[in-house]
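All values below were derived from every heavy atom in this structure, side-chain atoms included, with hydrogens, water molecules and symmetry-related copies excluded. Letters A, B, ... are given to chains in the order of the sequence lines, protein chains preceding strands, and every chain is numbered from 1.
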4 protein chains.
Amino acid sequence: MRVKEGNKEKDILTAAISIFANDGYHNAKISKIADEAKVATGSVYLYFQNKEDILQKIFEDLWSRLYTELKSHLSNKNLSPAEQIDAMIDLVFDVFTENPDLALVFVNEQNHLQRAEAIRFQNFYEKFLDLGETAIIVGIGKNNFSDNFDIKVFRIFILGAIRSLLHTWANNPKSLALNKIRQSVKFLIKNGIQK
Amino acid sequence: MRVKEGNKEKDILTAAISIFANDGYHNAKISKIADEAKVATGSVYLYFQNKEDILQKIFEDLWSRLYTELKSHLSNKNLSPAEQIDAMIDLVFDVFTENPDLALVFVNEQNHLQRAEAIRFQNFYEKFLDLGETAIIVGIGKNNFSDNFDIKVFRIFILGAIRSLLHTWANNPKSLALNKIRQSVKFLIKNGIQK
Amino acid sequence: MRVKEGNKEKDILTAAISIFANDGYHNAKISKIADEAKVATGSVYLYFQNKEDILQKIFEDLWSRLYTELKSHLSNKNLSPAEQIDAMIDLVFDVFTENPDLALVFVNEQNHLQRAEAIRFQNFYEKFLDLGETAIIVGIGKNNFSDNFDIKVFRIFILGAIRSLLHTWANNPKSLALNKIRQSVKFLIKNGIQK
Amino acid sequence: MRVKEGNKEKDILTAAISIFANDGYHNAKISKIADEAKVATGSVYLYFQNKEDILQKIFEDLWSRLYTELKSHLSNKNLSPAEQIDAMIDLVFDVFTENPDLALVFVNEQNHLQRAEAIRFQNFYEKFLDLGETAIIVGIGKNNFSDNFDIKVFRIFILGAIRSLLHTWANNPKSLALNKIRQSVKFLIKNGIQK
DNA sequence: CATGAATGAGTATTCATTCAT
DNA sequence: AATGAATGAATACTCATTCAT
């Protein structure tokens, strides 16, 4: 019997991440993605509604994974608020370190996507940030963290900072050692919010 | 002969900032920019070489202004390193507060531009960041600031954080009060780097 | 998959000859050629790289055909030099008589093309003329033809004369009877070169 | 008093011949012609109705000059028909030798022009050819020339042959010595028409 | 499911011509 | 007459999407 070989949807997504990272979303050609995925141009439309749908799926997968992994990581252990913050930062760095192209797509195209009609990843994105927010609130309650800053601002603050660093790193991995970035970020964040 | 009336170049730039902010660079049409500037389509090409040239000029003007104003601000007074950091943050917030469209273009398109061939704003951009770097180094020398973080990382860290916040604010000014953002940023930054 | 039906490349070439003949190369619109070929505008670019590529292909086909047919015509028979000259003239007149539009494109656009970068038809064009040159040289050797003229000059002389006549005829077939042109040309050429 | 210096109309025509010769009529830009003529773009339209009007004027001047000079040349002397043919050929070669750019415009653009609405040079062109035709008819009458060819055909035949040779020469003057061309043409023509 | 040839809407850019000065 | 800034119509070419096989 003929076994379904490979996973074309996955192949297309992987190819798209690579092409989007290198050419940017707007300059990326569907035919090039199809070539890279070793699939016919028309086949892309069997798995995705249109070009933007591919990008949406990439972000959906990304935030779903980040949320799920963070949740499972936090739930098992009994971590202090500061340790939870560390865990979040580590997770984000780990995910993007193993896939720099994904980091580039993330930093370059998320803004673009946020003006799109349906933001399907919004759900996981918010839940991911909510986990961090909870850690902060607990930390403030325990009098470990200052209350001199707005938590909604903080969410965006930290994510923007990390995104920008990942962008610089992904574009030129040699310009900044990733472990130095990670260490500095942890210090700046935790020192920044401490009482 | 027909003599230049008004300042068409300025009109086109202003229109372009508005259109780029609302439609995004790639979806922005030259004809729409020309309409908004009350100028014929072809006239755009009297003042700019092509579409990208307009975007380059916007960023060039922006970073040139930020650098020049920061420099003059710092040179006159005798500010402590922490006050200098405050001044930088205030300046960025002030510029974008008075022109939210510019903020949107800044956050959405700077990445796009950095992959372009000639990055004309690079010069002023680097000089602006160098001023901040100097403040940090002096602060560390005076034992006011920690040396637990990498300065190159910090440059990107803070700019990315602010950019992300401005993006959220410019997209929906009501979601976050700007003064709350500004105050929180100042706290997180200064608390983050302090010894 | 959707499979190539008919011969779209041929249809486009035929349409292009007609449109180029009537409107001139520079005024010819790709969309009009596509319409005439009953093909979508974009399809033209599946078969040709750009507008000039179409013209190049027309000339390539033309000279390739002229050379091939002349060669096979000369090789079989045992013709005298004068008869070979006749054969060349007849061939050129026959080809253009059956396709006056092609004659018009030939006379109007060959100069234009000769300033273009890549002249793909050059090869067959030269080989065609070389066959004629050989006939002349043999005729001179046999003391049938005069040596009072330069052969390189003659090549251009005769082709230019014929081109000009075809141009007049193709523009207005009624102004000159083609058989009268053909007869006169043969006389003038052969009388002109004879000893 | 301010004396009109130079002759702008003449300057523009001279510039146009140069630009048309080098870039071809369709690629020639009015602004470039104006630059070359050291005149403002708009000034071109003080002397010519539009771009094509410039080309028309070039040909009008050319054929007017050819006709006038030929006429004065023939009228004074008492030349045999064969000498008259020589005189025509010499005149054409002389005019284009002294201005190769004009030769290029002549050979490249005359066809283009002949499809235009108003062919203002037609008058002188016909009269020039009529002078030659008369010489032929006289020569036939004197039994010097053959009557095995059509005179209308011959007109076009000889002009086309010369045009083609001038084209080759003007594009690459070193490829063919002009005196060799001239000598060969005279031989081929006179030998071709003789009894 | 898969293919890739075919489609045709969409747009940056050019440049002959105009016109206010 | 002269200027050259301003105009805006015009078009080759691209590429996301469709669809006949």
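- F:dA6 atom C1' lies 17 Å from atom NZ of B:Lys38, rounded to whole Å.
- Put simply, CG on D:Asn7 is 10 Å from P on F:dA2, counting in whole angstrom units.
- Ranking F:dC15, F:dT17, F:dG4 by closeness to the A:Lys51 side chain, first place goes to F:dT17.
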Output the pairing pattern of DNA chain F as a dot-bracket string, 5' first, Watson-Crick or G-U wobble with both distances under 3.5 Å, | for cross-strand pairs, [ ] for crossing pairs. .||||||||||||||||||||

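- Taking each heavy atom of C:Leu104 and C:Asn171 in turn, the nearest pair found is CD2-OD1, 3.8 Å.
- Note on C:Ile30: only backbone sugar-phosphate atoms sit closer than 4.0 angstrom, heavy atoms only; bases stay farther off.
- Contact check for A:Tyr47 versus A:Leu13: no side-chain heavy atoms found under the 4.5 Å cut-off.
- Dashed line: the shortest gap from a side-chain N or O of C:Lys8 to OP1 or OP2 of E:dA5 is not under 4.0 Å.
- Regarding C:Ile54, its CD1 atom lies at a distance of 11 Å from the C1' atom of F:dA12, rounded to whole Å.
- In this structure the side chain of C:Phe20 reaches within 4.5 angstrom of the side chain of C:Ile54, judged on heavy atoms.
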Where do B:Lys32 and B:Asp23 land on the side chain to side chain contact (heavy atoms under 4.5 Å, CB included) test, with the steps shown first? CA-CA 10 Å; B:Lys32 196 172 173 187; B:Asp23 298 350; 2.8 Å; yes

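- Residues from residues 9-19 of chain C that place a heavy atom under 4.0 Å from any atom of DNA chain F: there are none.
- When atom types are taken as modelled, the side chain of B:Gln56 and the backbone of B:Arg120 share a donor-acceptor pair closer than 3.5 angstrom.
- When distances are taken from the side chain of A:Tyr45 to each of F:dT18, F:dT7, E:dA16, the shortest belongs to F:dT18.
- Using a 30° and 60° split on the angle between ring planes, A:Phe106 and A:Trp63 fall in the perpendicular class, above 60°.
- No side-chain donor-acceptor contact under 3.5 Å links A:Lys38 to the backbone of A:Asp11.
- Summarising the geometry, the separation between CG on D:Asp23 and P on E:dT14 is reported as 16 Å, rounded to the nearest angstrom.
- Closest heavy-atom contact between A:Tyr25 and A:Leu55: CD1-CD2, 3.7 Å.
- Atom pair A:Lys32:NZ and F:dA16:P shows a separation of 12 Å (rounding to whole Å applied).
- One finds the OG1 atom of B:Thr14 at 11.5 Å from the CD1 atom of B:Ile33 (value rounded to the nearest 0.5 Å).
- F:dA1 atom P lies 13 Å from atom CZ of D:Phe48, rounded to whole Å.
- Out of F:dT17, E:dT7, F:dT3, the shortest distance to the side chain of A:Asn50 is found at F:dT17.
- Nucleotides of DNA chain F nearest to D:Thr41 and C:Lys29 differ in position, and the one nearer the 5' end is that of D:Thr41.
- A:Lys29 places a side-chain N or O within donor-acceptor distance of the main-chain N or O of A:Asn27, the cut-off being under 3.5 Å.
- Checked against F:dT17, E:dA16, E:dA2, the side chain of A:Ser43 finds its nearest nucleotide in E:dA2.
- In this structure, A:Leu46 places its CG atom 12 Å from P of F:dT18, rounding to the nearest Å.
- Regarding C:Ile33, its CD1 atom lies at a distance of 12 Å from the C1' atom of F:dT11, rounded to whole Å.
- Ranked by how close their nearest DNA chain F nucleotide is to the 5' end, C:Gln49 and B:Val44 are led by B:Val44.
- At the heavy-atom level, C:Tyr47 lies under 4.0 Å from the strands shown only through sugar-phosphate atoms.
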